Amino acid sequence: MDEAVIFACSHRRGGNTDRAAELLAEGVRAAGGRADILYVRNFKVMPCMACGYCDEAVNRQGRERCVLGPEDDAHLLFERLFTARTALFASPIYFYHLPSQFKTWIDRSQQFWTARQTGEQWVAGLPQRTARAVLAAGRPEGARLFDGALLTLKYFLHNFNMRLDDPLTLRGVDGRADLAGRADLEERIVDLGRSAWESSRQ
Ligand SMILES: Cc1cc2nc3c(=O)[nH]c(=O)nc-3n(C[C@H](O)[C@H](O)[C@H](O)COP(=O)(O)O)c2cc1C
């Protein structure tokens, strides 16, 4: 089914990131699209063990590429990235970076980095796409508050031939309902969802 996939990456249920994910979905629907929100916290994802299995498993695809593939849900999330025309991320900042569950999933994409290195077309031949992101941080200031998260997102998405375009970074959003009280920010997030859907269909 052709729908935007929204990865909601906070550990906190019902907080700012969940709200941002709902607003992104609202924007997609306003543009005539469909959206599915995936809450990363609801998926069982084990950490990459750096075992080297994926280096040796050349041409093994899907769940079979990683020794942990049959054990957990990481691949259910990856499958959605493989097929999505419109991919959106909503995440909080934790210690100047992405939350550990999300980062744990990101580390598991090492298997696709490896496959690209060996020129395997099932990864290297994925269509070029653009991803969008909303990042929420509690601190109102900090020149480099989003640097780590954005760099990691950029190189994570590169594995899937996705470019991170024009991320929306929100500062001073801390309490669970802070975003819900900011109509100006909410409107920008809805706009981002709308434009992500529209631009991925041009
Ligand atoms: C473990 C942890 C680490 C955090 N680290 C930072 C930080 O480094 N900088 C910052 O501005 N906010 C930090 N925050 C605040 C969150 O970014 C902020 O509360 C955000 O709105 C949480 O989003 P959520 O409601 O979707 O969970 C941290 C929060 C937690 C729980």
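For reference, positions follow the sequence shown, starting with 1. What you are looking at is a predicted structure, and each value in this text was computed from that prediction instead of being measured.
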Quiz item: So, for F7 and W105, is the gap between ring centers shorter than 6.0 Å?
Solution: yes

Practice problem: Show your reasoning for whether side chain to side chain contact (heavy atoms under 4.5 Å, CB included) applies to L150 and K154. | Solution: CA-CA 6 Å; L150 289 173; K154 175 180 173 180; over 6 Å; no

Answer whether the closest heavy-atom distance between the side chains of [X] and [Y] falls below 4.5 Å.
X    : Y    : answer
L98  : F156 : no
R19  : L23  : yes
R163 : L157 : no
R108 : F78  : yes
H11  : S100 : yes
T130 : S199 : no
S10  : P99  : no
V40  : F89  : no

Is there a path of hydrophobic side-chain contacts, each under 4.5 Å between heavy atoms, that joins [X] and [Y]?
X    : Y    : result
L168 : Y94  : no
V45  : L76  : yes
V173 : V190 : yes
L24  : V5   : no
L77  : F102 : yes

Quiz item: What's the verdict on side chain to side chain donor-acceptor pair (under 3.5 Å) for N161 and R116, showing C-alpha distance, side-chain angles and the deciding distance?
Solution: CA-CA 10 Å; N161 277 350; R116 286 175 69 94; 2.8 Å; yes

Practice problem: Identify, with sequence neighbours excluded, every residue that meets ring pair (Phe, Tyr, Trp, His ring centres under 6.0 Å) alongside H158. | Solution: none

Return the minimal non-hydrogen interatomic distance between [X] and [Y], and the atom names on each side.
X    : Y    : result
H97  : G148 : NE2-O, 3.2 Å
A90  : T17  : O-CG2, 3.0 Å
S200 : W197 : OG-O, 3.0 Å
G175 : R12  : C-NH2, 3.8 Å
A20  : L179 : N-CD2, 3.8 Å
Y39  : F43  : O-CD1, 3.2 Å

Rounded to the nearest 0.5 Å, what separation is found between the [atom1] atom of [X] and the [atom2] atom of [Y]?
X    : Y    : atom1 : atom2 : value
Q110 : M49  : CD    : CE    : 13.5 Å
I93  : T169 : CD1   : OG1   : 8.5 Å
I6   : L38  : CD1   : CG    : 9.0 Å
C51  : E56  : SG    : CD    : 9.5 Å
T118 : D55  : OG1   : CG    : 9.0 Å
C48  : I106 : SG    : CD1   : 13.0 Å

Quiz prompt | Pairing of E26 and R29 as salt bridge, 4.0 angstrom limit | solution = no

Quiz item: Is the shortest distance from a Lys or Arg side-chain nitrogen in D191 or R188 to a carboxylate oxygen in the other one below 4.0 Å?
Solution: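 Salt bridge between D191 and R188, a charged N being under 4.0 Å from a carboxylate O: no.
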
Quiz prompt | Residues clustered with Y155, ILVMFWY side-chain links under 4.5 angstrom | solution =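 Via sub-4.5 Å side-chain contacts, Y155 links to L151.
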
Can you tell me if [X] uses its side chain to pair, donor with acceptor, with the backbone of [Y] under 3.5 Å?
X    : Y    : answer
D73  : K44  : yes
R129 : F160 : yes
R132 : D165 : yes
R171 : G142 : yes
R139 : D174 : no

Practice problem: Begin with the C-alpha distance, continue with both residues' side-chain angles, and end with the deciding distance and a verdict on side chain to side chain contact (heavy atoms under 4.5 Å, CB included) for R41 and D18. | Solution: CA-CA 11 Å; R41 62 175 173 266; D18 286 9; 2.7 Å; yes

Quiz item: Passes side chain to side chain donor-acceptor pair (under 3.5 Å), N159 versus S109? Steps please.
Solution: CA-CA 7 Å; N159 286 323; S109 71; 3.1 Å; yes

Show me the donor-acceptor pairs, under 3.5 Å and distance only, between side chains in residues 63-70 and residues at least two apart or in other chains.
{"from": "R63", "atom 1": "NH1", "to": "G69", "atom 2": "O", "distance (Å)": "2.9"}
{"from": "R63", "atom 1": "NH1", "to": "D72", "atom 2": "O", "distance (Å)": "3.3"}
{"from": "R65", "atom 1": "NE", "to": "C54", "atom 2": "O", "distance (Å)": "3.2"}
{"from": "R65", "atom 1": "NH1", "to": "A57", "atom 2": "O", "distance (Å)": "2.9"}
{"from": "R65", "atom 1": "NH1", "to": "R60", "atom 2": "O", "distance (Å)": "3.3"}
{"from": "R65", "atom 1": "NH1", "to": "E120", "atom 2": "OE1", "distance (Å)": "2.7"}
{"from": "R65", "atom 1": "NH1", "to": "E120", "atom 2": "OE2", "distance (Å)": "3.2"}
{"from": "R65", "atom 1": "NH2", "to": "C54", "atom 2": "O", "distance (Å)": "3.2"}
{"from": "R65", "atom 1": "NH2", "to": "E120", "atom 2": "OE2", "distance (Å)": "3.0"}

Quiz item: In terms of ring plane angle, is the pair W122 and F82 parallel, tilted or perpendicular, where the classes change at 30° and 60°?
Solution: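 Rings of W122 and F82: parallel, under 30°.
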
Quiz item: Is it the case that more than 12 heavy atoms not belonging to R201 sit under 6.0 Å from its CZ atom?
Solution: yes

Quiz item: What do the steps show when you test L170 against R182 for side chain to side chain contact (heavy atoms under 4.5 Å, CB included), and what is the final call?
Solution: CA-CA 11 Å; L170 312 177; R182 295 284 306 273; over 6 Å; no

Self-check item: side chain to side chain contact (heavy atoms under 4.5 Å, CB included) partner of L88, chosen from V28, I189, V134, I37
Solution: V28

